[in-house]
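Shown next, in structure tokens, is the structure this report addresses.
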Amino acid sequence: MSQRYNVDTTRLDGFLRSVERRALGMARIAVGHEHEALDLVQESMLAFASRYAMKPEEQWRPLFHRILQNKIKDWYRRGAVQGRLFSRLSPAGDEDGRADPWQSVPDPKESGPERMAQSNDAARALNAALADLPRKQQQVFLLRAWEGLSTAETARAMGCSQGSVKTHYSRAMSALRGKLEDHWP
Amino acid sequence: MSGHEHDEKRFLEQVRQTLDREAADLAPETERRLENMRAQALERAGERAWDDLGQQGRMSWIMSGLSSWRVAGPGLALAAALVLALSLGLFRGEGAPERNRTAERDAELMEMVDLLGTVDDPEMLEMLDDMDFYTWLAEQEEAS
């Protein structure tokens, strides 16, 4: 019989609000499809809240991201079996009708037309460059650079050593800077 | 700060700003879905929580046994589970430094996250919901 623990739902709500948008962004960059990314984030939130929300708060972030990374890994495994991986490698707007997720890059709200165009180009280029990275490099980079996890926390989230985190991060940085130097010299 | 470090810092800031802008400007239906997801998660908070290392250790012991059950049968399943429990330090004695125990508990917690994440079989989920018997069984094994 499962035991239900008391959880501070106010703090849990605050935590989920603080991670959900970046989690969705990371999942979308990983799987290339917003609806599937939303499913992965939903599963992660439910698993986290039901099983781990009564852990000390300092563990929440790496725990949540470990769950999300496992979900992303499982998605890749299922995709490899079903041949979805091959359709993911095809150009954007591929034969099975998947929309190019980068088409939905929003217009910045407070810029003139020329800056808006430049900003959209840079955003598209960034998303394309991130999507091109191997999954581990991509996710390590996003966890460190965007989510702000430490090397140790990222290692816990990814289930690898801190040395591996540093290697993945360094390679990702090098690849991204090379691809984006026209947009951000 | 060197020139290289300054450039890298600026680059990272640009990356963050771009990604933050995208994350802030979601479609209304996506915003609604996130709200619903959060509400569902809050409703289920603590439903299947595992509080102490003892429970976690027994859980991984049981999970290993249950997943082996289908392939190898009960006897081998229990043996496999005992091996896993030993490797996770379920029966570890006193004396390990506090720092190592904290790091080990952390690693074991992550192992649990991975193990529980593999459970999507409804029959398995039903077993997990009825843990009294399996907890008792694990305690008998510990005592012996």
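By convention in this document, chain letters (A, B, ...) are assigned in the order of the sequence lines, proteins followed by strands, and residues within each chain are numbered from 1. Since the structure is predicted, the reported quantities are computational estimates derived from the model, not experimental observations.
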Which one wins on heavy-atom pair count under 4.5 Å against chain B: A:Lys71, A:Arg17, A:Met173, A:Gln59?
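Most heavy-atom pairs under 4.5 Å with chain B: A:Arg17.
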Chain B interface, residue from A:Thr9, A:Leu130, A:Leu142 that has the most non-hydrogen pairs under 4.5 Å
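Top count of heavy-atom pairs under 4.5 Å with chain B: A:Thr9.
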With the side chain counted from C-beta on, respond yes when [X] and [Y] share a heavy-atom pair under 4.5 Å apart, and no when they do not.
X	Y	value
A:Ile29	B:Leu19	yes
A:Gln42	B:Arg33	yes
A:Arg51	B:Val113	no

Roughly how far apart are B:Leu42 CG and A:Thr10 OG1, rounded to 0.5 Å?
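One finds 9.0 Å between CG of B:Leu42 and OG1 of A:Thr10.
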Heavy-atom distances under 4.5 Å only: say whether [X] touches chain B with side chain, backbone, both or neither.
X	result
A:Phe141	side chain
A:Ala47	neither
A:Asp39	both
A:Leu12	both
A:Leu126	side chain

Is the count of non-hydrogen atoms from other residues, nucleotides or ligands lying under 6.0 Å from B:Arg16 atom CZ greater than 12?
yes
State whether the number of non-hydrogen atoms from other residues, nucleotides or ligands found under 6.0 Å of A:Lys136 atom NZ is greater than 12.
no
Could you tell me whether A:Arg66 and B:Asp114 make a salt bridge, using a distance below 4.0 angstrom between a side-chain N and a carboxylate O?
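The answer is yes: the pair qualifies as a salt bridge.
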Basic-acidic side-chain contact under 4.0 Å: A:Arg21, B:Asp25:
no
Tell me every residue that passes ring-ring contact (aromatic ring centres under 6.0 Å, His included) with A:Trp146, counting only those two or more places apart in sequence or in another chain.
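Per chain and number, A:Trp146 pairs via ring-ring contact (aromatic ring centres under 6.0 Å, His included) with no residue.
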Give me the atom names and distance for the closest heavy-atom approach of [X] to [Y].
X	Y	result
A:Leu38	B:Met37	O-CE, 3.8 Å
A:Asp13	B:Arg38	OD1-CD, 3.1 Å
B:Ala41	A:Ala49	O-CB, 3.2 Å

Considering residues at least two apart in sequence or located in another chain, which fulfil the side chain to side chain donor-acceptor pair (under 3.5 Å) criterion with B:Arg32?
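Side chain to side chain donor-acceptor pair (under 3.5 Å) check on B:Arg32 returns nothing, list empty.
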Closer than 3.5 angstrom, by distance alone: can the side chain of A:Arg177 be matched with the main-chain N or O of B:Phe11 as a donor-acceptor pair?
no
Please state whether the side chain, the backbone, both or neither of [X] comes within less than 4.5 Å of a heavy atom of chain A.
X	answer
B:Glu31	side chain
B:Leu12	side chain
B:Asn36	neither

Side-chain heavy atoms nearer than 4.5 Å, only ILVMFWY residues, links allowed to pass through others: does that put A:Met26 and A:Leu46 together?
no
